[in-house]
Protein chains: 2
Amino acid sequence: MNVMNESPRRKELTRQAARLFVQEGFDRTTVRMLADEMGIKSGSLFHHFRDKQAILAAVIEEGTQNALNMAHQALNDTGETASARLHAMARAHLQTLHTDRNAHVVALYEWRRLEPAARSHLSHLRDAYEALWESVIDDALTAGLIHGDRFLVSRFIMGALNWTVRWYDPEGERTPDELANELVAMLTQPSN
Amino acid sequence: MNVMNESPRRKELTRQAARLFVQEGFDRTTVRMLADEMGIKSGSLFHHFRDKQAILAAVIEEGTQNALNMAHQALNDTGETASARLHAMARAHLQTLHTDRNAHVVALYEWRRLEPAARSHLSHLRDAYEALWESVIDDALTAGLIHGDRFLVSRFIMGALNWTVRWYDPEGERTPDELANELVAMLTQPSN
DNA sequence: GGGTCAACCAAGCAAGCGCTAGTGTTAATC
DNA sequence: GATTAACACTAGCGCTTGCTTGGTTGACCC
């Protein structure tokens with residue numbers, strides 16, 4: 001078994017698994033379907049992953065880690081004003097959400113299928129990501145850019161952003177950047 | 001079999017099924033678990049529902065129908081100003097979302113497990129509900145209460161509202177009404 | 001050229017799955 | 001008192017599930 005190893009092969013298999021998990025759902029995706037997709041036999045699958053759960057955990061970890069990296073990067077690459085940082089975070093969020101779409105959809109929909117052990121490990125990653133958001137929102141509140149309860153505002157924003165996976169079409173007219181701008185505009189522009 | 005019948009017994013079984021579907025997910029919930037929960041044997045279950053799919057459809061139909069009824073009621077009971085109607089819809093949405101919580105969580109998470117036949121029937125119910133929302137949002141835009149793209153604004157709002165099932169604690173301090181007010185305030189108050 | 005090791009395969013096991021068939025049992029209806 | 005219909009039960013069929021086992025292959029290494 002290859003559990004600890006982050007081999008390129010394993011990474012590729014994880015990507016393919018994510019596709020199937022999105023298409024069929026975790027529970028309906030059988031190890032035989034996964035193996036077919038990967039071009040191997042179902043037995044061979046357990047050379048790369050301890051069990052089916054481990055594949056789910058790998059998919060979600062990959063997506064969440066990427067989101068965290070992208071967010072850090074985005075904050076480093078932008079100005080220090082509250083407005084710039086809010087825009088940067090919203091843009092980064094929508095970008096990962098739709099470039100790593102499969103992994104994120106799995107993370108959003110199948111989180112509850114994780115066994116407690118995997119869940120607690122991945123919770124830390126997610127908490128780190130959310131902490132980043134909270135600090136950006138805090139700044140925006142302090143700067144008077146947006147208004148409302150700190151706790152509620154951040155959850156409303158996350159909801160609006162994450163909900164996009166249900167309706168946003170990356171092939172359509174709007175870019176993720178435009179989406180981010182529209183969301184921030186909706187929250188910040190005075191009513192006239 | 002009792003498929004057409006909306007017997008009280010069936011309604012009660014549907015409610016219990018919703019609880020299990022939320023707790024375990026549709027695919028992981030076996031007919032034996034459902035029967036246990038209902039205090040009958042697994043074979044008896046198929047007297048009330050044609051198959052497992054029909055239970056899922058019943059749960060979702062119940063929730064969606066209630067939401068639609070509540071929304072109509074709320075609009076009837078409120079004033080005609082765009083602001084009053086927007087508040088009323090947000091309140092009604094959060095109220096069903098958390099009184100019929102199980103059914104709505106199932107509708108949000110397990111929609112994709114519906115077979116095409118059931119899905120197309122339930123789509124109409126959902127479309128009717130969303131049409132109601134769109135008309136209220138249109139009015140709010142026209143009145144200058146909120147601003148932005150009609151399509152995007154409505155989806156951002158639905159996202160923020162539906163996301164509450166992930167974090168809102170009905171036993172906590174805030175009532176659904178307060179939540180609704182805070183959301184509308186976030187969208188409508190000028191930045192100072 | 002013997003040893004190592006990741007990668008894969010063929011075969012199949014034990015458990016669990018959705019669902020069916022056939023048979024009471026009870027309470028209301030005629 | 002016979003008939004009916006709703007509701008429940010027992011038993012189990014046929015199939016799929018996640019996963020294991022024991023073995024093969026080929027690339028690389030000293």
Side-chain angles (χ1 to χ4, degrees), chain A residues 1-60 106 110 112-119, chain B residues 1-60 106 110 112-119:
Chain A
M1 207 191 321
N2 211 353
V3 176
M4 295 300 123
N5 192 331
E6 269 302 327
S7 66
R9 183 82 179 112
R10 188 178 145 112
K11 212 156 194 166
E12 171 62 15
L13 297 180
T14 302
R15 243 205 52 240
Q16 291 176 316
R19 262 206 51 234
L20 265 182
F21 287 162
V22 169
Q23 192 181 297
E24 305 287 335
F26 176 69
D27 290 320
R28 272 169 135 81
T29 305
T30 69
V31 294
R32 278 163 252 258
M33 292 163 66
L34 287 164
D36 275 1
E37 184 83 1
M38 299 168 179
I40 58 179
K41 299 295 170 178
S42 71
S44 312
L45 210 158
F46 295 90
H47 172 72
H48 299 280
F49 302 93
R50 190 173 61 261
D51 53 22
K52 197 187 164 192
Q53 266 284 320
I55 311 182
L56 177 59
V59 168
I60 295 184
V106 171
E110 312 283 1
R112 320 185 45 240
R113 305 291 158 255
L114 284 171
E115 280 167 7
R119 196 182 308 198
Chain B
M1 206 190 323
N2 211 353
V3 177
M4 296 298 123
N5 192 331
E6 268 303 324
S7 68
R9 181 85 177 113
R10 188 177 145 111
K11 214 156 195 165
E12 170 62 15
L13 297 181
T14 303
R15 243 204 52 240
Q16 292 176 315
R19 262 206 51 235
L20 265 182
F21 287 162
V22 169
Q23 193 181 296
E24 306 286 334
F26 175 70
D27 290 320
R28 272 169 136 82
T29 304
T30 71
V31 294
R32 278 163 252 258
M33 291 163 65
L34 287 164
D36 275 1
E37 183 83 2
M38 298 167 179
I40 58 180
K41 300 293 170 178
S42 71
S44 312
L45 209 159
F46 294 90
H47 172 73
H48 299 280
F49 300 94
R50 192 175 57 261
D51 52 22
K52 198 187 162 191
Q53 265 285 320
I55 310 180
L56 177 60
V59 168
I60 295 184
V106 171
E110 312 283 2
R112 318 183 49 238
R113 306 289 158 255
L114 285 171
E115 279 167 8
R119 196 182 308 197

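In what follows, chains are A, B, ... by sequence order, proteins preceding strands, each numbered from 1. Side chains included, hydrogens not; waters and symmetry mates left out as well; all remaining heavy atoms used.
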- Protein-nucleotide distance (B:Leu45, atom CG; D:dA11, atom P), rounded to Å: 19 Å

- Task: Indicate, with a heavy-atom threshold strictly under 4.0 Å, whether B:Lys41 touches base, sugar-phosphate, or nothing.
- Result: base

- Given the rule in the side chain to side chain contact (heavy atoms under 4.5 Å, CB included) test, do A:Val59 and A:Phe21 qualify, once you have shown the distances and angles that lead to the verdict? CA-CA 9 Å; A:Val59 168; A:Phe21 287 162; 4.1 Å; yes

- Message: Checking A:Val106 against A:Ile60 for the side chain to side chain contact (heavy atoms under 4.5 Å, CB included) test, could you report, in this order, the C-alpha distance in whole Å, the side-chain angles of both residues, the deciding distance, and whether it holds?
- Response: CA-CA 7 Å; A:Val106 171; A:Ile60 295 184; 4.0 Å; yes

- Task: Decide yes or no for B:Val31 and B:Phe46: does some side-chain heavy atom of the first lie under 4.5 Å from some side-chain heavy atom of the second?
- Result: yes

- Query: Can you find a side chain N or O atom of A:His48 that sits less than 4.0 Å from OP1 or OP2 on C:dC8?
  - Reply: yes

- Item | Side-chain ion pair, B:Glu12 and B:Arg9, N-O less than 4.0 Å | no

Can you tabulate the close N/O pairs, meaning under 3.5 Å, that link protein atoms to atoms of nucleotides 15-21 of chain D?
unit_1: D:dG18; atom_1: OP1; unit_2: A:Thr29; atom_2: O; d: 3.4
unit_1: D:dG18; atom_1: OP1; unit_2: A:Lys52; atom_2: NZ; d: 2.9
unit_1: D:dG18; atom_1: OP2; unit_2: A:Val31; atom_2: N; d: 2.9
unit_1: D:dG18; atom_1: N7; unit_2: A:Arg32; atom_2: NH2; d: 2.7
unit_1: D:dG18; atom_1: O6; unit_2: A:Arg32; atom_2: NH2; d: 2.9
unit_1: D:dC19; atom_1: OP2; unit_2: A:Lys52; atom_2: N; d: 2.8

- Query: Would you say C:dA6 has OP1 or OP2 under 4.0 Å from some side-chain N or O of A:Arg10?
  - Reply: no

If you look only at distance, which donor and acceptor atoms sit under 3.5 Å apart when one is on a side chain in residues 32-39 of chain A and the other is two or more places apart or in another chain?
unit_1: A:Glu37; atom_1: OE2; unit_2: A:Arg19; atom_2: NH1; d: 2.3

- Item | side chain to side chain contact (heavy atoms under 4.5 Å, CB included) evaluation trace for A:Leu13 with A:Phe49 | CA-CA 10 Å; A:Leu13 297 180; A:Phe49 302 93; 4.1 Å; yes

- Item | Atom-to-atom span, CD of B:Glu24 to P of C:dG16 - whole angstrom | 15 Å

- Item | Distance below 4.0 Å between A:His47 side-chain N/O and C:dA7 OP1 or OP2 | yes

